[in-house]
Every structure is written in structure tokens, then in C-alpha cells.
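Okay, structure first, notes after.
Lettering of chains follows the sequences in order, A, B, ..., and the numbering in each one begins at 1.
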Amino acid sequence: MLDWSRRGRGRSDQSPGSVVLAWGEGVGYSSRAMSELPKAYEPTEVEKSWYQAWLDAKCFEADPSSEKPPYSIVIPPPNVTGILHLGHVLNNTIQDILARRARQKGCEVLWLPGTDHAGIATQTKVERQLRDEEGKTRRDIGREAFLEKVWEWKEKHGGIIIKQLKRLGCSCDWSRERFTMDADYSKWVSKVFADLFNEGLIYRGKRMVNWCPVSRTALSDEEVIPKKQNSKLYYMKYELVDEPGKFLEVATTRPETLMGDVAVAVNPKDERYGRYVGKLVKRPFPAAEIPVVADDHVDPEFGTGALKITPAHDKADFEIGMRNDLEIIDVFHADATVNCPEVPELDGLDRFVARKKASAMLEEMGLLIKVEEHENNVGFSERADVPIEPRISMQWFLKYPATEETAKAVAEGEIDYRPARWAKTHASWMDGIQDWCVSRQLWWGHRIPVWYRKDKVETLQEAESLTLDNLGAGDLHVSAVPPVDPENWVQDEDVLDTWFSSWLWPFATMQNLDEDSDLVKKFYPTTDLVTGPDIIFFWVARMIMAGYRFKGELPFRNVFFTSIIRDIQGRKMSKSLGNSPDPIDLMEKYGADGLRFGLMRTAPIGADLRFDEAQVEEGRNFANKIYNACRFRRMAGSDSEVNFKPSECETLRPYHLDILSKCDELAKNQESAYAEYRFNEVGQQLYDFLWSEFCDKFLEAVKGDLHDDATQVQRETTLGVFDSVMARYLQLLHPYMPHLTEELSLRMGYTTEGQFVMEKKLPVSGLLDGVDAGMISEGCEQAAAVYETAAKLRNLKAEYRLAARKDVRFIAKTGPSWLEAEADTLALLVGAEGVILDESYIPEQGTPGAVTASGELFMPLEGLVDVEAEKARLDKEIEKIQKEVGKSKGKLGNEKFVANAKPEVVAIERERLVEWEGKLAQLQEMRKNLR
RNA sequence: GGUCGAUUAGCUCAGUGGUAGAGCGCUUGCUUCACACGCAAGAUGUCACUGGUUCAAAUCCAGUAUCGACCACCA
């Protein structure tokens with residue numbers, strides 16, 4: 001027998017087109033041999049071999065010289081260290097759907113993939129490995145050796161997520177895979193830096209930045225995650241110099257920074273403290289006299305209304321310090337251990353150890369008043385997940401370019417944000433935009449393309465402010481090209497923020513710096529961007545700025561923001577919670593198509609998605625349903641004409657017209673759902689059509705046409721309709737379930753050797769084009785009437801416990817003109833012996849019947865039920881229920897029960913009574929009808 | 001504190017002015033010659049709450065409550 005499912009067969013030695021179909025051999029409906037086919041679809045091997053087939057045929061490769069209209073999309077590059085999670089699955093499935101749909105619509109598609117070097121994340125991983133395996137730090141082995149290690153690591157582990165995307169079926173143009181640290185890409189990064197410096201938008205200065213003590217680098221504001229913390233608020237007192245024995249009380253969460261205190265600030269409007277402004281108070285350790293200053297920032301309502309000022313370790317304090325011309329005393333090392341030799345008790349301690357120790361010291365000195373529990377927000381480093389330390393350091397900053405165009409493009413809809421409300425988030429960020437700290441004290445990344453003249457390096461590196469305006473001529477070399485005389489220069493030690501390369505992604509991937517590129521001409525600006533709303537600031541907005549500034553236009557036209565995936569309890573997916581299922585496991589279990597479809601069908605637009613494995617199971621079941629519909633078709637024989645055309649067929653039945661018309665409707669509805677990026681709706685439409693319309697109705701209605709006693713014409717027509725609809729349907733489904741549709745199309749002969757569904761253009765014409773509209777609507781109406789009638793008759797059977805009986809007969813006295821012609825089909829759908837039109841029929845009294853779209857139909861019961869046995873059964877049942885009703889009534893009639901039982905218990909009892917009584921009435925009615 | 005969401009069946013979610021829906025789960029009956037990853041029948045709802053607009057509101061407006069996200073934060 002033919003190996004139809006191709007189970008367990010590799011495709012390595014064989015292209016899919018070369019598989020010989022047993023199609024022409026024709027197997028009768030009653031053939032027993034077919035039952036040897038696997039009953040369930042087994043996706044794993046099928047998916048892997050089709051992916052390879054697409055790759056072999058270069059289906060994903062974009063041709064910049066093509067005449068077709070362009071469609072392009074750049075992948076949000078996953079971290080090179082990344083492992084696929086469900087967020088990636090959702091995001092990339094959407095991109096794949098868009099890309100595949102665009103191909104079907106006749107576009108030349110470029111889906112450009114790649115990975116991001118992910119500065120801190122990657123460096124941290126390799127540092128950890130170095131520590132675990134060799135017990136060394138990166139400083140032990142030096143910059144060059146360390147970078148070598150990172151590259152080694154990248155080569156070894158960097159491709160994991162790419163392999164995983166391939167497993168998912170992503171149709172990326174892998175021949176154009178990019179990495180943000182590719183040599184060509186890096187040139188762009190340096191050039192952009194140099195250009196912005198020369199434009200005066202990049203400058204270097206000593207500022208307060210977010211410092212990560214673990215990674216020992218500055219971070220941008222966006223990389224700081226505020227977290228609610230249960231902290232302590234320490235109330236302490238500073239003695240007034242002029243008035244010994246009198247104290248000023250302050251409250252702080254950070255007593256360990258006390259050594260850096262240079263003032264106490266109060267609100268000038270605060271009457272309690274007004275008289276102290278200008279006086280001096282005693283700082284306990286190291287002992288010093290510090291002034292009381294007035295500043296509007298201080299909130300009189302909070303704590304004691306007096307605030308200790310530590311300009312080196314708090315952003316607000318820093319600003320107050322600037323306004324009041326205060327000294328800045330840094331009391332921490334780069335790793336946030338205390339740097340204060342004057343206080344040996346604290347010197348060298350970790351900041352959190354120092355906090356406890358400082359508090360204890362204050363208590364000893366009698367200066368600690370009380371300690372309160374206090375909830376506050378603490379900024380955490382996104383990567384290292386430790387509290388960041390506000391710290392003054394020398395960093396490079398960027399004043400964002402093209403901010404006005406960027407804000408305008410989104411506000412005015414030149415770039416469409418979907419859902420549109422994210423445009424507001426974009427606007428509010430653009431509104432309060434702060435200069436971007438772009439330097440990082442890391443090694444893994446793009447090194448800042450700034451060289452200092454060797455003989456002046458010390459002065460230059462210590463210069464408080466370094467801009468285009470104040471640099472000494474010829475002392476700096478800022479360029480994408482290193483100096484020609486490297487021996488005279490020293491390069492800046494720092495690297496750039498990862499996002500400083502990411503923001504160039506849409507064009508730096510398409511075009512090398514010095515070359516004209518066909519790619520960029522054909523495919524830039526890109527069409528769609530699909531990403532998460534959590535990186536609007538990190539990435540999306542910045543890409544728009546870079547696009548305007550360096551390419552003179554916007555980088556994409558539409559941005560689709562995906563849902564954030566949560567677990568079933570609504571928690572974020574995270575490694576530490578262990579609530580993040582491995583998509584690869586899910587694909588092995590349910591198939592990539594099942595995972596894709598399940599996720600897409602329920603993914604809400606613009607809201608969080610609660611992931612439930614049951615969704616994926618549903619996707620797999622759906623794949624199986626389609627597979628089995630096709631399997632059924634295969635068993636039914638091969639009598640279909642290859643070029644069946646509904647418009648040329650004169651023997652179409654209502655069910656044929658109905659399903660053909662529904663299929664055309666589906667194609668139209670898909671169009672509008674895609675136009676609005678309503679992916680869940682697209683999925684739902686595909687699901688409903690196949691399951692409800694095609695399988696439950698159409699297939700069941702036409703089964704009679706395929707029985708052994710059917711005529712050749714009946715068979716050919718039905719098979720022809722089946723094939724026309726299924727071939728079209730598989731095309732429509734292809735973006736969601738690419739592997740399955742490719743497999744079935746080939747197996748069914750809808751595609752032939754060397755053809756791919758993914759390359760086949762979606763026809764513009766409908767299946768029913770050319771068919772008389774009146775005929776269509778009449779047919780659809782009749783089909784609808786038959787389906788409705790069938791449902792009512794089934795219902796009637798079930799009511800009389802005859803659902804499983806095949807020998808039930810239905811009799812109509814009158815009916816629509818077509819009833820006689822469709823009576824057999826009706827009987828087939830209902831599972832009845834027959835539906836008979838008999839004008840002379842006089843129903844006996846009590847004969848059950850139903851009024852339907854096909855007229856009133858009766859269901860005579862004689863001979864169907866052993867009346868006496870059924871009577872006995874019903875009597876027994878009725879007796880049982882009567883007992884229950886009696887019990888329940890007794891309970892509710894008992895005053896003590898009603899008064900003392902919990903109200904909900906009484907309510908449940910009442911509900912139960914109603915239920916029992918309803919059932920009783922129903923049974924009594926049935927009993928009455930039994931004669 | 002500000003902004004934006006969400007609140008519909010036991011669960012996950014559709015539904016944007018016109019008879020409350022799907023899948024899963026549940027109950028009942030079916031190994032019916034594609035499919036038990038299935039078929040058929042069935043039960044299940046104060047559409048969060050309060051007002052308003054309207055002939056008509058789950059849907060539009062206002063407010064309230066709860067949950068969530070983002071932004072800004074009081075040390």
C-alpha cells in the first residue's frame with residue numbers, strides 16, 4: 001500500500017516532488033486496504049522534510065531584481081545568546097504569516113533575519129563560564145583574550161535560536177542572515193557615531209548615570225526596571241552646631257551613604273524649619289559640619305520634612321547639590337563597596353552590609369530615633385537584576401536626532417501603530433525625552449570610535465566636557481576609519497550600548513556603507529515591523545529617528561505590536577518561576593503547525609495572552625481534522641476531473657453550491673481580516689470553515705454521492721467540488737499551517753512535482769465566478785434548510801432516546817418542492833431510515849413532530865421502541881425522580897433547615913428542586929406520548 | 001500621582017448599537033465504512049457596578065470598583 005503519510009521517511013535523498021503518488025490507481029470507497037493508513041496526522045517528520053525542501057528550492061530567497069512589488073520585514077533580532085520562548089514563537093509566527101501571505105499575493109518578499117550581540121547579556125554569560133571553568137575574571141585574561149572567548153562562544157552557541165526558528169517554519173531569507181557585530185554592520189555603527197559627533201549631537205561629560213555595580217557599567221534609563229521593595233525608613237537626628245543638645249531630624253532609606261552627606265535640605269515654605277536655613281548641623285561620621293539649605297524639591301509631608309543631601313548617590317540630591325553649589329563626595333567604589341577610609345568600620349563593606357552597620361553605629365551614638373517599614377521603588381539593573389547605584393561618571397551622551405519628524409510620523413499616522421493606542425505611549429516618551437547615555441564600560445560590543453592623541457591622552461580623558469566645540473584641533477580622531485598612524489593614538493576604552501547598533505537594523509542589514517545596494521533600493525523602507533510594545537523606547541522609536549536621520553525617510557510603514565504572553569495565572573513567563581514552556585517540546589508534541597495555529601487563533605489583539613497548552617492541543621486536533629478530511633477523499637476514489645470547473649458543471653447540488661460559495665466568502669473575509677491585522681479572526685475563520693461548514697455539513701451531506709451505488713456523475717461532481725474547495729482552502733490556510741498544507745496539497749495532487757503552495761499565487765477569482773447568481777442563492781437556501789431540518793430531527797431523535805437508532809422514519813405531509821429530491825440526503829444527515837413525503841399520512845395522536853424549514857415532519861414511534869419496556873423504564877425513572885423531589889421539598893419545607901443552614905446551601909437545594917421538577921415534567925410528557 | 005488597558009459561560013477568549021458566541025471542560029448517547037486528536041444532543045451568563053444617551057446598550061458617554069501595564073516619583 002502507498003505510504004501516504006510518508007511516516008518515518010527522510011527527505012534527504014528525495015525532493016518532495018519526486019514522491020510518486022498512487023493517486024491514479026483509484027481506490028474504491030469500500031476498499032479495506034485504506035484502513036492501513038495512519039488515522040492520525042504525524043507532523044514531526046513531515047515538517048522537518050518540508051522545511052528542508054523549501055530551503056533546497058531556495059523558496060525564501062529574495063530577488064532584488066524581481067519585477068514583483070516588494071514586501072519586506074526585518075526580524076527583531078533575538079539575542080545571540082537567546083533560547084526560543086513563546087514570545088518569540090508568537091512574534092515570528094506573525095511575521096511568517098505576513099511574509100507567506102505576501103508571497104501568495106504576488107509580492108517579492110524579503111524577510112531579513114539575524115541576531116543581536118546583546119552586550120551585557122552575552123558578556124555576563126561568558127564571564128560566568130570563565131569563572132566557573134577557569135576561576136578567572138575577564139580582567140585576569142585581558143581584553144583581547146576575553147573577546148576571543150566571546151567570539152568562540154558565539155560561534156558555538158549562537159545559532160541555537162536560529163535553528164529553533166527554522167523548526168517553527170520561519171521563511172526567512174537565511175542567505176542574508178546578519179549579526180550586529182558583522183564587520184560591515186560595525187562600520188555603520190562607527191560612521192553613525194562619528195557623524196553625530198561631528199554634528200554636535202554626541203558629547204562626553206561627567207554626569208549622574210545609572211550604574212550597575214555587578215556589570216560595572218553605566219546603563220540607560222530604559223535599562224533600569226523599578227521594582228517595589230519592602231525597605232526601611234531610618235529616622236535619625238543631626239545636632240545643630242549653634243545649639244548643642246538640639247537636633248534636626250531627617251529620614252532616609254540609605255544610611256550607608258551618610259558619609260557623602262554635604263547638607264540637610266528643607267522646604268523653604270516649611271514653617272517648622274525656616275529658621276534653620278543657613279545654620280550648620282553635625283554629620284556624625286566622618287564628623288563634619290554641614291549646612292541646612294532650602295530647596296523646593298523637598299516634600300514637607302514626607303518623613304520629617306527634612307532631607308539629607310548626598311549629591312554623589314542620588315539623582316535628586318545631585319540636582320539639589322547643583323542648585324545650592326554643594327560639594328560632591330563619592331563614598332563608593334565601582335562595585336558599590338564603601339570607599340571611605342575615614343570611617344574604617346564601614347570602609348570596604350558591601351553597600352547592604354554597610355547599611356546595617358551604619359544604622360547600628362547611629363543607634364550606638366544615640367542618633368537613631370526609629371526605624372519604620374517602608375515600601376518604595378528601587379531601580380534594578382535589567383540584566384544583572386541588582387539595585388542600580390546612581391553614580392557620577394564620565395560617559396558619552398547623545399542628543400537624539402530627528403525627534404520632531406519621529407514624533408510627527410507616528411502622531412499623524414505616517415507610520416501606523418497597531419493597536420493605535422501605542423502611538424500615545426510613543427508620543428509621551430518622545431515628549432520627555434532625555435539624552436541617551438550610549439557608553440558602556442564593557443568589552444563586548446562596538447568600541448567607541450574615538451581616539452585620543454597619545455601625548456595628550458590624560459588631559460583629554462579627564463576633560464569635564466568633550467564636544468566638537470571645545471576639543472583641541474587634531475587632538476581627537478573620531479571616525480569610522482581608525483587613524484593611519486595608530487601608534488600615536490589611544491582608543492577610548494568603552495563600547496557602545498547594544499541599542500546603539502540595533503537602531504540601525506532596518507538599513508544597516510541591507511546595505512554596506514560604501515556600496516550601492518539593490519537590496520535597499522528594492523526593499524527599503526520595509527513594510528511591516530512586528531515587535532513587542534515593551535521595546536517602543538528601546539528600539540522602535542529610535543529606529544524611526546535613525547531612519548530619518550541616515551536614510552532620509554521612515555524605516556517601516558506599519559508596526560504591529562504583539563501580545564505579551566503570560567501563564568494561565570496571569571504571571572509573566574520567567575525562568576525563575578519555571579512557568580515558561582519550551583516551544584520545542586510543544587512542537588515535538590503537537591507539531592509546529594499546531595503550535596502556530598493554536599497560538600494565533602486565540603491571541604488577542606492588543607491585550608495580554610494567557611497561554612494554555614490546551615490551545616496548542618486544539619491546533620494539533622485541527623491539523624488532524626484536515627488530514628482526515630483529505631484521507632476520506634483519498635478513500636473515495638480518483639474519479640475527479642483534473643480541470644473541474646464549477647461554472648461548467650451542470651449537476652451541482654445545493655450542498656456543492658453552498659460550500660463553494662462559503663469558500664469564496666471565506667477568501668473575501670480573510671482579505672478584510674488580514675487588512676486589519678486581525679490574526680485571531682483569520683484563524684477563527686479558517687477553523688470554522690473547515691470544521692463546521694466543510695466537514696460537519698458538506699462532507700456529511702454528500703457522502704451518499706460517493707457510495708458504491710452512486711452514479712459516475714454524482715461521484716465526479718462531488719469529488720470535483722471537494723478538490724476545488726480543498727485546493728483553495730489549503731492555499732488560504734498555508735500562512736498559518738505551512739507544512740501541513742504543503743504536504744496535503746502534494747498528496748492530493750493539487751500541486752505537482754517541484755511546485756510549492758508557498759509559491760503558488762492566490763487566485764483573485766472566486767470558485768463560483770461565472771455561475772448564475774440566482775442558482776447560487778437558491779442552492780444555498782436549500783442547503784441551509786436541509787441542515788437546519790437535520791438538526792431539528794436529530795434533536796427529536798435524541799429527545800426520544802433514539803439518537804443511535806438508524807431505523808427511524810420521518811414523514812412529511814407537505815413540503816417545499818425540492819424536499820423529495822433531498823429526502824435521502826436528509827435521512828443520511830439525520831441517521832434515519834428515510835424521510836418520506838406522504839400527503840395521505842395521518843399522524844396518530846401523540847406522534848412527535850417538528851416544524852422545520854422543510855415543513856412539518858413527524859416521527860412515528862411504532863416499532864422503534866418496545867413500548868412496554870420503555871414505559872417500564874420511564875416509570876422507574878419517574879418514580880426515582882419523584883422520590884428526589886419529595887426529599888427536596890421536605891428539606892425546604894423544614895423551617896429549621898431553612899433558618900439554620902447556610903444561605904448558599906439552601907439556594908443550591910432550591911435550584912436542585914427546580915431542576916428535578918423540570919426533568920420530571922419532561923419524562924412525564926414522554927410517558928404520555930408513549931401509547 | 002499621571003496615562004492607557006482589561007472586567008462576557010467553570011477556564012481561555014471572540015463579539016462595538018438590533019434574538020449573547022467559540023474552543024476546552026461538564027452531562028447524555030454513540031467503537032456510524034475520514035477523524036475518539038472524533039460524531040450527535042444537552043446544560044451553563046445580573047455581559048463588574050451605578051447612572052445617562054437611544055425605539056433599542058455587552059456594545060456609545062460619565063462615574064465607581066477590582067486587576068494589570070507603562071510613565072513619573074517622597075529621601
Side-chain angles (χ1 to χ4, degrees), chain A residues 29-32 34-35 37-41 221 226 231 233-234 250-254 257 265 297-310 314-317 320 374 376-377 419 421-422 424-425 427-429 431-432 533-534 536-537 564 566 568 570 572 590-591 594 598 601-615 617-636 678 680-681 683-684 687-688 691-692 695-696 699-700 703 706-708 790-791 794-799 801-806 828-831 915 918:
Chain A
Y29 186 48
S30 54
S31 164
R32 293 285 166 269
M34 271 300 173
S35 61
L37 288 175
K39 282 184 168 183
Y41 176 56
D221 293 342
S231 311
L233 190 58
Y234 301 83
V250 299
T252 180
T253 52
R254 303 202 61 192
T257 62
H297 173 79
V298 181
D299 176 6
E301 303 295 316
F302 188 88
T304 63
L307 171 61
K308 74 185 196 67
I309 303 301
T310 324
D314 184 281
K315 223 172 180 174
D317 288 9
I320 294 175
H374 176 64
N376 64 345
N377 273 330
R421 62 192 164 83
W422 292 115
K424 211 164 180 179
T425 304
S428 74
W429 185 71
D431 202 29
D534 48 334
I536 290 180
F537 312 141
I564 290 171
R566 300 174 171 279
I568 198 83
K572 263 191 174 168
Y590 301 109
R601 189 162 82 97
T602 44
I605 306 292
D608 291 355
L609 165 74
R610 291 192 183 208
F611 178 79
D612 186 349
E613 192 169 322
Q615 295 160 355
E617 197 178 336
E618 233 172 76
R620 177 209 48 187
N621 294 354
F622 183 54
N624 187 57
K625 186 75 179 175
I626 305 165
Y627 165 88
N628 269 294
C630 289
R631 186 163 159 262
F632 168 76
R633 165 70 184 87
R634 288 301 306 270
M635 289 177 170
R678 301 176 72 91
N680 53 350
E681 203 172 305
Q684 188 65 33
Y687 188 90
D688 288 344
W691 208 302
S692 309
C695 290
D696 289 350
L699 274 193
E700 294 304 325
K703 270 183 178 169
L706 303 173
H707 283 143
D708 288 343
R794 282 190 199 124
N795 180 308
L796 202 57
K797 277 176 76 185
E799 210 174 297
R801 316 184 119 267
L802 295 167
R805 295 286 293 260
K806 298 284 174 186
L828 185 73
L829 285 170
V830 178
E915 211 172 284

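- Geometrically, A/K625 does not engage A/Y41 in a cation-pi contact defined by less than 6.0 Å to the ring centre and at most 45° from the axis.
- Partner assigned to B/C55 is B/G18, using Watson-Crick or G-U wobble distances below 3.5 angstrom.
- The nearest whole Å value for the distance from the NZ atom in A/K39 to the C1' atom in B/A34 is 9 Å.
- For the pair A/R631 CZ and B/C33 P, the computed distance is 12 Å after rounding to whole Å.
- Taking for each of A/R794 and A/L699 the nucleotide of RNA chain B with the nearest heavy atom, the 5'-most of the two is the partner of A/L699.
- Comparing the same atom, C1', in B/A57 and in B/U19 gives a spacing of 15 Å after rounding to whole Å.
- Residue-level contact check: A/D534 touches neither bases nor backbone, having no heavy atom under 4.0 Å from any strand.
- Backbone-only engagement by A/K424 is indicated by non-hydrogen atom pairs under 4.0 Å involving sugar-phosphate atoms exclusively.
- Position along RNA chain B of the nearest nucleotide to A/A798 versus A/I564 favours A/A798 as the more 5'-ward residue.
- Taking the C1' atom of each, B/G18 and B/C13 are spaced 24 Å apart, rounded to whole Å.
- In terms of polar N and O atoms assigned as donor or acceptor, the side chain of A/K315 never comes within less than 3.5 Å of the base of B/A75 in a complementary pairing.
- In this structure, the side chain of A/E617 does not engage the main chain of A/G594 through any donor-acceptor pair within 3.5 Å.
- Nucleotide B/A65 has B/U7 as its partner under the Watson-Crick or G-U criteria, with both atom distances under 3.5 Å.
- Nucleotides B/A14 and B/U31 place their P atoms 39 Å apart, quoted to the nearest Å.
- A/M635 CE to A/R633 CZ: the interatomic distance, rounded to the nearest 0.5 Å, is 12.5 Å.
- Contact annotation: A/W429 side-chain N/O to B/A72 OP1/OP2 distance is not under 4.0 Å.
- For the pair A/Y627 OH and B/A34 P, the computed distance is 14 Å after rounding to whole Å.
- Within the model, atoms CG of A/D317 and NZ of A/K308 stand 7.5 Å from one another, a figure rounded to the nearest 0.5 Å.
- Within the 4.0 angstrom heavy-atom criterion, base atoms lie near A/R620.
- Distance check on atom P: B/C61 versus B/A41 gives 39 Å, rounded to whole Å.
- Separating the CZ atom of A/F302 from the P atom of B/G1 is a distance of 15 Å, rounded to the nearest angstrom.
- Nucleotide B/U44 has no partner under the Watson-Crick or G-U criteria, as no pair reaches both atom distances under 3.5 Å.
- Base engagement by A/A629 is indicated by at least one non-hydrogen atom pair under 4.0 Å involving a base atom.
- Aromatic ring pairs are classed by plane angle as parallel below 30°, tilted from 30° to 60° and perpendicular above 60°; the pair A/F622 and A/Y687 is tilted.
- Atom CZ of A/R633 is separated from atom P of B/C33 by 20 Å (rounded to the nearest Å).
- The side chain of A/N621 places an N or O atom within less than 4.0 Å of a non-bridging phosphate oxygen (OP1 or OP2) of B/G38.
- The phosphate of B/G42 has OP1 or OP2 within less than 4.0 Å of a side-chain N or O from A/N795.
- Spacing between atom CZ of A/R634 and atom P of B/C33 amounts to 21 Å, rounded to whole angstrom units.
- The closest donor-acceptor contact from the side chain of A/R794 to the backbone of A/L829 lies under 3.5 Å.
- Using a 4.0 Å heavy-atom distance criterion, A/N376 is classed as a sugar-phosphate-only contact.
- The side chain of A/K703 sits closest to B/A34 out of B/A41, B/A34, B/C37.
- In this structure, the nucleotide among B/A75, B/A14, B/A34 sitting nearest to the side chain of A/T252 is B/A75.
- Within the nucleic acid shown, A/T253 comes within 4.0 Å of sugar-phosphate atoms alone, with no base atom in reach, counting heavy atoms only.
- Side-chain nitrogen and oxygen atoms of A/R678 include at least one within less than 4.0 Å of the OP1 or OP2 phosphate oxygen of B/G15.
- Checking B/C70, B/A75, B/U12 against the side-chain heavy atoms of A/Q615 singles out B/U12 as nearest.
- In this entry the distance linking CG of A/D688 with P of B/G23 reads 8 Å, nearest Å.
- Closest approach to the A/W691 side chain among B/G38, B/A34, B/A14 is made by B/G38 (side chain taken as heavy atoms from C-beta onward).
- Contacts of A/D612 with the nucleic acid, taken as non-hydrogen atoms under 4.0 Å apart, are absent.
- Straight-line distance from the CH2 atom of A/W422 to the C1' atom of B/G5: 8 Å, rounded to whole Å.
- In the model, A/R601 has a side-chain atom that pairs as donor or acceptor with a side-chain atom of A/Q684 under 3.5 Å.
- Taking atom P in both B/A48 and B/A43, one finds a spacing of 24 Å when rounded to whole Å.
- Going from the C1' atom of B/A75 to that of B/A6 covers 35 Å, rounded to whole Å.
- OP1 or OP2 of B/A75 has not a single side-chain nitrogen or oxygen of A/H297 nearer than 4.0 Å.
- Between the A/N628 side chain and the A/K39 main chain, a donor and an acceptor come within less than 3.5 Å of each other.
- Heavy atoms of A/I536 sit nowhere under 4.0 angstrom from any nucleic acid atom.
- A/E700 comes within contact range of at least one nucleobase, with a heavy-atom separation under 4.0 Å.
- With rounding to the nearest 0.5 Å, the separation of OG1 in A/T252 from CG in A/L307 is 8.0 Å.
- Of all nucleotides present, none satisfies the Watson-Crick or G-U wobble test against B/A75 with each distance under 3.5 Å.
- Pairing of B/G38, defined by two Watson-Crick or G-U wobble distances under 3.5 Å, is identified with B/C30.
- Taking atom P in both B/G29 and B/U50, the straight-line distance is 42 Å, to the nearest Å.
- In the set B/C4, B/G23, B/A34, the nucleotide with an atom closest to the side chain of A/R421 is B/C4.
- Of the inter-residue distances, the one linking A/F632 atom CZ with A/K703 atom NZ reads 5.0 Å to the nearest 0.5 angstrom.
- Listed candidates were B/C24, B/A41, B/A75. Nearest to the side chain of A/L307 is B/A75.
- Residue A/Q684 has its side chain nearest to B/A22 when only B/C74, B/A22, B/C39 are considered.
- Residue A/A316 is classed as a sugar-phosphate contact, given heavy-atom separations below 4.0 Å to backbone atoms only.
- On the P atoms, B/G63 is 24 Å away from B/A69, given to the nearest whole Å.
- Taking the side chain of A/A40 as heavy atoms from C-beta on, and the options B/C74, B/C37, B/A14, the nearest nucleotide is B/C37.
- Between A/K806 and B/C33, a side-chain N or O to OP1/OP2 separation shorter than 4.0 Å is absent.
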